[in-house]
Each structure stands twice: as structure tokens, then as C-alpha cells.
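The model shown is predicted, which means the values in this text are computed figures rather than measured ones. A, B, ... follow the sequence lines: proteins, then strands. Residue 1 opens every chain.
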Amino acid sequence: MIDLKILRTDPDSVKEALKKRNMDLTIFNYLITLEQKRREAINNSESKKAERNSISSQIAAARKNKENGKALELQKKAKEISNEVKILDEETKKINEDLMSKLLYIPNFPSENSPVGIDENDNKVVKKWGEPRNFDFEPLAHWDLGLNIDSMDFERASKLSGSRFTILKKQLAKLERVLVNFMLKVHTEENDYIEFALPYMVKRDIMTACGQLPKFEDEAYKTTDDMFLIPTAEVPLVSLHKNEIIEFNDLPLKYTGYTPCFRREAGSYGKDVKGMIRVHQFDKVELVWITKPENSDKALEELTLNAESILQKLNLPYRVVNLCTGDLGFNAAQTYDIEVWLPSQDKYREISSCSNVKDFQGRRENIRFRDKDNELKFVHTLNGSGLAVGRTLIAIMENYQTEDGKIKVPEILQNEMGVEYIG
RNA sequence: GGAGAGGUGGCCGAGCGGCCGAAGGCGCUUGCCUGCUAAGCAAGUGAGGGUUUAUACCCUCCGAGGGUUCGAAUCCCUCCCUCUCCGCCA
């Protein structure tokens, strides 16, 4: 959620931010008038309340002095005022609710570090690592590779659960498990993250605080008792500190956790329908930072490097893309997408998305810290995949495939896997 | 699922219709004191919002939402959460 105060003190910056995101500006004018109406309403009801409170204490005083007649008269007057207050409060509440419901749909302000642009074509590649391998044969897609070695089963997956599910078996199932373990090991032992095992279902207010709701309700799976399956471990990890005040010296907090993620993928009809690139349930190791405001930009660089380190250790070629303002997600002020090379598609594909959310979530979650000057301030939050496990598995399969249809196990995993080749 | 207890400031904890935004303690900040540390003494110390150049003033908040009342942390209702015991169970 954006800061209401900014709407009043610096409305142009809000306008600018919405423009950068290519948003319709009619909402902006509506917000401005609503904000004014809100303050008027507050003033009206508060001055009535002040009046009522002063009469109330006069009643108490009169009672004490046994001036019962006077007290009764004052009570009559106070009753009238009290009724007026009720009406004024009702109005204020209505305006407030309207304003809040609109505000929850306003995305975060883009960071200065995000290039201004319309869509993904304006994203800036800021880094390339590794060279895509030259194949002297036609590289297969991961689904063909998986089927050929009898380690992926899409037919039975759809029998069980419908489209966009995958079943892994044998060495690929094991590779998935080994990958999770590998990622967590790197992040906890080398990158200094604290590991969490988390609930996969959360309450509605948690989803809202995190910025997933109300705008993206279509994207989430809901249970019959109004719980939500988490779309990412970011949700429980960031919400750990909801409504908390964090000690100055405890910042930054660096958290990691592995969870499955559940997404309906509404609106992605026809996109990546084959294979396990875009599925309703996937495994992910998530990285979350909670920082002081002045450190979040630096933290994003570091978090992104932490995610990259996994790809480097696996020797998978990738590039890093700084998303333009038009392509930024709802919560993000700045985002680096890490894209891994997929030979069968002859393309880099997203495998991690690392975002600086600044105080946008901190405000919604009400997570604060006491600054050096003793002021309470909202923390900045950051999140990134470190990495999406399924897509890492795919990348390994495709990049490490051999001409005879096997998959070489990346050197760093060979010990854990116990084999040099799969298939 | 059944029975009971409870949710108060950064934390602990009192208050159970009107000088209660809330005693007391811990913590924290500042000053004094002491060779350092610790202890001791004194003062200060909740959050959000509104008005204001400012000093300052006002409103709201004691799990959430309603209700009773001139007035609610305190009384009533609903909901949520936590704990204890019992049942069921991986």
C-alpha cells in the first residue's frame, strides 16, 4: 500500500508513478477528492466528539457535587450530540472504507533504478553469465527427455489432477529432492540465511497484507474455510513479523524456506502448456530480506547474487534483466529477473524474480523498527526465488543432455545423486 | 469435536462504569554518582490520526466487530486467536 500522506503532500509523485506503470489516471483524481472528503469528515466528527467528552466530564463533576438537576439537563444535551456523532462516524467510516479499498489496488511506486518502459521489450539486460552450449545434435525439450528415460509422467499427472501438473519418478524425483537440499545448504551455510519450514495454508488477512489480495484472488487457490494455499513462501516468510516491531540491531533479517507453491495460472491459457514450465504446483526455495530503508537497494543486489550463485554452481548459463516500470509486478519497486538458458527454446527463461518491495509490504503488514532517532518506521522487504526448483531441474535436463538421450548430473550434485548420468 | 481459562503499552502485569491512555515492575533514554563494569539515585519513555508557522490543542486505540450508556479497558452480544484438560488422529 502506498503512503496516504504522499498523496496529500506530493500528489505529483503519485501521478508520475502511476504514469510510469502505464496506469489509467482517473483513479488518481478520485483518490485525491476522497482523501479531502476523508479529512473533512474526520474534522466534523472529532469536533462533535470533543464537545460530547467535555459535557460528559461536566456530568461527572455535577454528580459528584450532588447537582442532580444540572446533571440531568446536561445528559439530555449530550444525548443529542451523541446521536449526531453516530451519524458523522458512519459517514467517515464509509469514506474511509472506500478510500482503503481503492488504495489496496494501487501498485507500488517504481524505484529510480527501474528503467522506464512499456512492456518486457523495454527491460534491460544487465548481466550475462556463462555461454550457451553449442550442440552438435538437436537438443530435446525436457518433456521428451523425461519421457524417454521414463522419469516424467504427464499422462498420469493429468489423470490424477488435470492439466498443468507433473509427476517425476526415479532419478528425476530424486534430483528434485537433491536440488532443494542443495539450494538450502548454500543459502544457510554460505549466504547466511535462516531456514524455515512453513505452513502452506494461510489466512485471508495474511494474503492481503502481503499484497496478493484483493487484486489477485483469481490467481490463488482457496480452501472451503477461507484459507489460501500459498503462491510462494514469500507470503508466510514476510508475514512472520506482521504487526511486530523489530529490534534495530536485528536488521537485516535474511530468511529462506522451501515450500511448494500453488498458482491457478488464470489468464495464461495456451502459454507453456507443455512440460513443467508453468504448472499449478511447483517447488521453490525462497529468499526474503527485511531491512532498514537505506539498505534495501544494496540488499537487492546481494539477494540477486545469492540466487545467481546457485546457477553458477550448477554451471547453467543465465542473464539478469532489470524489469522496466511497465513490466514490474504489483508489489515491486524494482525487480531483477534471472533467466536461465533453455536450449530447446533457444531462449532465456525466467527462473528467479528478485524484488525490492521497499515499504509497500511493510506498511500493509505493519512491520516496523525503531530507528536511531527513536522513530518507528516501516521496514523494507525484499524477496526472490533461490531458485524455482522445477525450472532448475528443467534447465539441468536440457543443458546437460547428451546425444544418446541421457542427462549428465552437474558435478556439484554428483555426490548426492550417487550417479554421473541419469537415464 | 467436548469442558474450562485467558487475550491490556517494547515485555511482564494490575485495573472490572467517570481525573484510566491506563498503577507497579522490567527494559530503554538522559542526568547525577562511582577509577572501569555492575549497583544506586533522579527524571523521561505507547501507537495511530486530525488542526497548527510554532508552542500547543483535539480525536481514536486495552484481540476484532457490534450493542447498552451522557460516558466503556471495565456491562451485554457475535467472531477470531492462545493456553489447559478430555476425545480423535499422521
Under a 4.0 Å N-O cut-off, is there an ion pair linking [X] with [Y]?
{"X": "D150(A)", "Y": "K170(A)", "value": "yes"}
{"X": "K77(A)", "Y": "E80(A)", "value": "no"}
{"X": "E265(A)", "Y": "R164(A)", "value": "no"}
{"X": "E308(A)", "Y": "K127(A)", "value": "yes"}

Value in whole Å for how far the [atom2] atom of [N] lies from [atom1] of [X]:
{"X": "D89(A)", "N": "G65(B)", "atom1": "CG", "atom2": "C1'", "answer": "14 Å"}
{"X": "D371(A)", "N": "C28(B)", "atom1": "CG", "atom2": "P", "answer": "19 Å"}
{"X": "L88(A)", "N": "C59(B)", "atom1": "CG", "atom2": "P", "answer": "15 Å"}
{"X": "K70(A)", "N": "C70(B)", "atom1": "NZ", "atom2": "P", "answer": "18 Å"}
{"X": "I81(A)", "N": "C59(B)", "atom1": "CD1", "atom2": "C1'", "answer": "15 Å"}
{"X": "N53(A)", "N": "C59(B)", "atom1": "CG", "atom2": "C1'", "answer": "8 Å"}
{"X": "L72(A)", "N": "U69(B)", "atom1": "CG", "atom2": "C1'", "answer": "14 Å"}
{"X": "K93(A)", "N": "C61(B)", "atom1": "NZ", "atom2": "P", "answer": "13 Å"}

Between [N] and [M], how many Å separate the two [atom1] atoms, rounded to a whole number?
{"N": "C26(B)", "M": "C33(B)", "atom1": "P", "result": "23 Å"}
{"N": "C75(B)", "M": "C83(B)", "atom1": "C1'", "result": "26 Å"}
{"N": "C58(B)", "M": "C80(B)", "atom1": "P", "result": "39 Å"}
{"N": "G7(B)", "M": "C11(B)", "atom1": "P", "result": "15 Å"}
{"N": "G24(B)", "M": "G46(B)", "atom1": "P", "result": "13 Å"}
{"N": "A3(B)", "M": "C12(B)", "atom1": "C1'", "result": "29 Å"}
{"N": "G2(B)", "M": "U8(B)", "atom1": "P", "result": "26 Å"}
{"N": "C41(B)", "M": "C62(B)", "atom1": "C1'", "result": "33 Å"}

Original post:
Which heavy atom of R263(A) sits nearest a heavy atom of T232(A), and at what distance?
Top reply: NH2-CB, 3.8 Å

**OP:** Run the ring-centre check on F262(A) versus H280(A) and record whether the distance is less than 6.0 Å.
**Re:** no

Original post:
Do the ring centers of F369(A) and H380(A) come within less than 6.0 Å of each other?
Top reply: no

Original post:
Along nucleotides 43-55 of chain B, 5' to 3', which nucleotides get a B, which get an S, and which get a -, given that the test is a protein heavy-atom distance under 4.0 Å?
Top reply: ----SSBSS----

Base, sugar-phosphate, or nothing for [X], non-hydrogen atoms under 4.0 angstrom?
{"X": "K48(A)", "result": "nothing"}
{"X": "R52(A)", "result": "sugar-phosphate"}
{"X": "A60(A)", "result": "base"}

**OP:** Hey, can you tell me if Y255(A) and H241(A) have their rings parallel, tilted or perpendicular (30° and 60° cut-offs)?
**Re:** parallel

Original post:
Are K408(A) and Y400(A) in a cation-pi setup, meaning NZ or CZ lies under 6.0 angstrom from the ring centre and within 45 degrees of the ring axis?
Top reply: no

**OP:** Find out whether the Lys NZ or Arg CZ of K292(A) is both under 6.0 angstrom from the six-membered ring centre of F248(A) and within 45° of the ring's axis.
**Re:** yes

Original post:
So does K79(A) get a side-chain nitrogen or oxygen closer than 4.0 Å to the phosphate oxygens (OP1/OP2) of C70(B)?
Top reply: yes

**OP:** Taking only the side-chain nitrogens and oxygens of S57(A), find out if one of them lies under 4.0 Å from OP1 or OP2 of C19(B).
**Re:** no

Subject >> D327(A): which of N322(A), N22(A), N123(A) passes side-chain hydrogen bond (donor to acceptor under 3.5 Å, both in side chains) >> reply: N123(A)

**OP:** Return one dot-bracket line describing RNA chain B 5' to 3' (Watson-Crick or G-U wobble pairs, both distances under 3.5 Å; ( ) same strand, [ ] crossing, | another strand, . none).
**Re:** ((((((((.[[[..)..(.....]]]((((((.......))))))((((((....)))))).[[[[[..)....]]]]])))))))....

Original post:
Relative to the 5' end of RNA chain B, which residue comes earlier, S45(A) or S82(A), by the nucleotide with the nearest heavy atom?
Top reply: S45(A)

Subject >> Of S54(A) and K76(A), the one whose closest RNA chain B nucleotide lies more 5' >> reply: S54(A)

**OP:** Compare all side-chain heavy atoms of V14(A) with those of F109(A) and state whether any distance is below 4.5 angstrom.
**Re:** yes

Original post:
What are the residues of residues 237-253 of chain A, sorted by number, that bring a heavy atom to within less than 4.0 Å of RNA chain B?
Top reply: I245(A)

Subject >> Test applied, side chain to side chain contact (heavy atoms under 4.5 Å, CB included); reference residue, C354(A); option that passes from I338(A), T335(A), N383(A) >> reply: I338(A)

